[in-house]
Amino acid sequence: MDTIFLMNSMWVMLGAVLVILMIGGFILLETGSTRMKNAGHIAGKTILTFGIGSIVFWAVGFGLIFGTGNSLIGFSDFFYSGYDIDSLSLSGAVFFLFQLAFAGISLTIAFGGFAERAKLGAYLVFAVLFSVIVYPPIAHWIWGGGWLAEHGKQDFAGSTVVHLTGAMAALAATIILKPRIGKYNKDGSANNLAGHNQVFTALSVLLLWVGWFGFNAGSTLSVDKGFFGFVALNTNLAAAAGTVAAMIISWMVLGKADVPMMLNGALAGLVAITASCAFVDTWAAVLIGFISGILVFYSIRFFEKRKIDDPIAALSVHGTAGVWGTLSTGFFATKELATVGQPGLFYGGGLHQLGVQAIGVLACGAFAFIVSFILLSIMKATMNGLRVSEEEEIIGLDMSEHGSYGYPELMKAEQKLNA
């Protein structure tokens with residue numbers, strides 16, 4: 001067997017493992033950013049829905065994305081066998097696992113809009129629907145040879161495919177489910193329903209930051225000339241710049257360096273560079289990350305003022321930063337690195353690539369939001385609602401949905417103090 005084939009397979013397998021490990025990062029992120037009474041529920045449903053998404057992706061998702069079809073959808077390779085794909089210089093099974101991991105991350109992002117108020121059944125049903133109807137068409141359009149790929153849409157590792165898609169599904173869920181009890185006052189002002197563990201949240205960002213090297217650098221699908229190192233460098237620089245920018249803007253506006261905002265800035269930088277990491281120079285990666293750190297600060301405030309309750313800032317971190325990251329290649333993609341599409345505006349490419357990127361954002365964002373909204377509306381009408389009762393929400397989803405607390409000793413102690 002060819003040495004390059006084996007090395008490519010091993011590298012992408014490592015990337016797949018790192019991306020799947022990001023699920024652990026999202027567990028800590030969502031748990032740490034929400035209240036203690038929902039911690040066990042959040043951790044358990046994340047693992048369960050990744051399991052559901054994995055089975056669905058094997059059965060139909062992979063075929064809808066990469067199967068032989070047309071510019072809108074694929075129609076082959078269902079119930080994927082695991083055999084090698086001739087057109088790839090790596091194991092087909094490894095490529096499948098890598099793509100499965102991406103689909104799982106997008107699903108996990110979507111569920112950020114459900115946090116602390118949705119029934120477990122809503123997660124289970126939407127996990128299937130999202131994995132069949134929402135994610136595959138967008139992934140096919142860009143990565144599976146669909147109509148956006150034909151126009152040269154640049155999205156190296158998924159600012160649009162993974163992050164914007166998940167964020168728009170989260171937006172639909174957030175609107176339908178409405179804000180959590182106690183989030184807004186009668187005068188429209190917002191209360192800070194603070195997460196219970198900033199240490200968890202910080203650790204989650206570190207796990208996600210490391211996992212992103214699999215996300216972005218692994219998307220090279222090759223060890224040829226060590227190009228994955230350059231992609232990893234851009235990834236790290238953008239994350240660092242996003243962290244610093246979010247700290248600076250929060251300090252300037254709020255008078256304090258807000259810890260959750262710094263962490264969101266790091267994630268925003270990672271999301272933004274995901275589309276452009278293989279197409280831009282290092283200085284541009286720093287600028288892309290820095291701008292994303294500022295954007296996420298104002299985006300979070302924008303959604304909060306409009307009474308859109310987003311507990312883990314999925315709409316801003318993955319949506320707003322995903323849009324900016326996708327558009328950024330239309331400005332900064334260089335002639336040497338633009339192996340897909342054309343150079344950006346600042347490298348003599350004019351407005352063409354920026355236009356392609358904008359069309360991709362509008363088409364994919366609208367599709368993900370509209371389809372998710374319709375699916376969730378149907379679910380709401382046929383499942384006796386998506387949201388737990390007021391009493392169940394106050395008790396916490398750990399107890400109301402599962403009959404036990406994620407922190408049993410601490411919760412019992414709190415109940416005694418309140419008795």
Side-chain angles (χ1 to χ4, degrees), residues 15 17-35 39 42-43 46 50 101-102 104-106 108-112 115 157-159 162-163 166-167 170 192 194-218 232-251 254 256-274 277 285-286 288-297 299-300 310-322 324-325:
V17 170
L18 286 171
V19 176
I20 292 172
L21 185 61
M22 291 172 70
I23 299 292
F26 278 108
I27 289 174
L28 290 175
L29 176 65
E30 192 171 344
T31 301
S33 301
T34 53
R35 289 164 292 181
I42 288 170
T46 304
F50 180 64
F102 277 56
I105 294 297
S106 190
T108 302
I109 293 166
F111 283 144
S159 288
V162 178
H163 297 281
N192 180 24
H196 80 277
N197 197 322
Q198 285 189 2
V199 177
F200 274 14
T201 311
L203 181 57
S204 77
V205 171
L206 178 60
L207 283 172
L208 291 167
W209 193 322
V210 172
W212 232 284
F213 293 123
F215 211 97
N216 287 0
L233 173 59
N234 273 350
T235 300
N236 197 76
L237 290 172
T243 307
V244 173
M247 183 273 292
I248 292 173
I249 194 66
S250 67
W251 207 337
L254 304 176
K256 297 288 184 181
D258 185 72
V259 172
M261 194 59 67
M262 283 189 279
L263 300 176
N264 284 326
L267 295 177
L270 289 163
V271 170
I273 200 62
T274 295
C277 53
V286 173
I288 290 167
F290 194 88
I291 292 173
S292 70
I294 296 173
L295 286 174
V296 77
F297 175 82
S299 178
I300 289 172
D310 182 18
I312 63 169
L315 307 181
S316 300
V317 168
H318 301 280
T320 302
W324 160 238

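Annotation for A238 and I273: closest pair CB-CB, 3.5 Å, computed over non-hydrogen atoms. The two residues I23 and G104 come nearest to each other via the heavy atoms CD1-O, 4.1 Å. Closest approach of A272 to S292, counting heavy atoms only: CB-CB, 3.8 Å. The two residues A167 and A314 come nearest to each other via the heavy atoms CB-O, 3.9 Å.
Annotation: side chain of T31 is not in contact with side chain of T46 (no heavy-atom distance under 4.5 Å). Two residues are said to be in side-chain contact when any heavy atoms from C-beta on lie closer than 4.5 Å; F26 and I312 fail this criterion. In this structure, the side chains of V271 and W212 come closer than 4.5 Å at one or more pairs of heavy atoms.
In this structure, CG in L203 is found 4.5 Å from CG in L207, a value given to the nearest 0.5 Å. Rounding to the nearest 0.5 angstrom, the gap separating the CG atom in L21 from the CG atom in L208 is 9.0 Å. Of the inter-residue distances, the one linking L233 atom CG with C277 atom SG reads 11.0 Å to the nearest 0.5 angstrom. Taken from CD1 in I42 to OG in S33, the straight-line distance is 8.5 Å, to the nearest 0.5 Å.
Residues passing the side-chain contact (heavy atoms from CB on, under 4.5 Å) test with A232 are F213, A217, sequence neighbours excluded. In this structure V244 satisfies the side-chain contact (heavy atoms from CB on, under 4.5 Å) test together with I248, sequence neighbours excluded. Listed by chain and residue number, N264, I300, D310, V317 satisfy the side-chain contact (heavy atoms from CB on, under 4.5 Å) test with A313 (two or more places apart in sequence, or in another chain). Legend: residues meeting side-chain hydrogen bond (donor to acceptor under 3.5 Å, both in side chains) with T320, ordered by chain and number and at least two apart, are S299. F297 pairs by the ring pair (Phe, Tyr, Trp, His ring centres under 6.0 Å) definition with nothing, not counting sequence neighbours. Scored by the side-chain contact (heavy atoms from CB on, under 4.5 Å) test, V259 finds Q198, M262, L263 as partners (sequence neighbours excluded). Considering only residues two or more places apart in sequence or on other chains, F102 meets the ring pair (Phe, Tyr, Trp, His ring centres under 6.0 Å) condition with F98, W143, F215.
Residues W324 and H163 keep their aromatic ring centres 6.0 Å or farther apart.
For H196 (side chain) and T34 (main-chain N/O), a donor-acceptor pair under 3.5 Å exists by modelled atom type. When atom types are taken as modelled, the side chain of S106 and the backbone of V162 share a donor-acceptor pair closer than 3.5 angstrom. With hydrogens and angles ignored, the 3.5 Å screen pairs no side-chain donor or acceptor of T274 with any backbone N or O of S159.
Among pairs with a residue in residues 234-250, those fulfilling side chain to side chain donor-acceptor pair (under 3.5 Å) read W209-N236, N216-T235, at least two apart in sequence or across chains. The list of salt bridge (Lys or Arg N to Asp or Glu O under 4.0 Å) pairs with a residue in residues 203-213, not counting sequence neighbours, is empty.
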Are T201 and L28 close enough, and set up right, to give a side chain to side chain contact (heavy atoms under 4.5 Å, CB included), and what steps lead you there? CA-CA 6 Å; T201 311; L28 290 175; over 6 Å; no
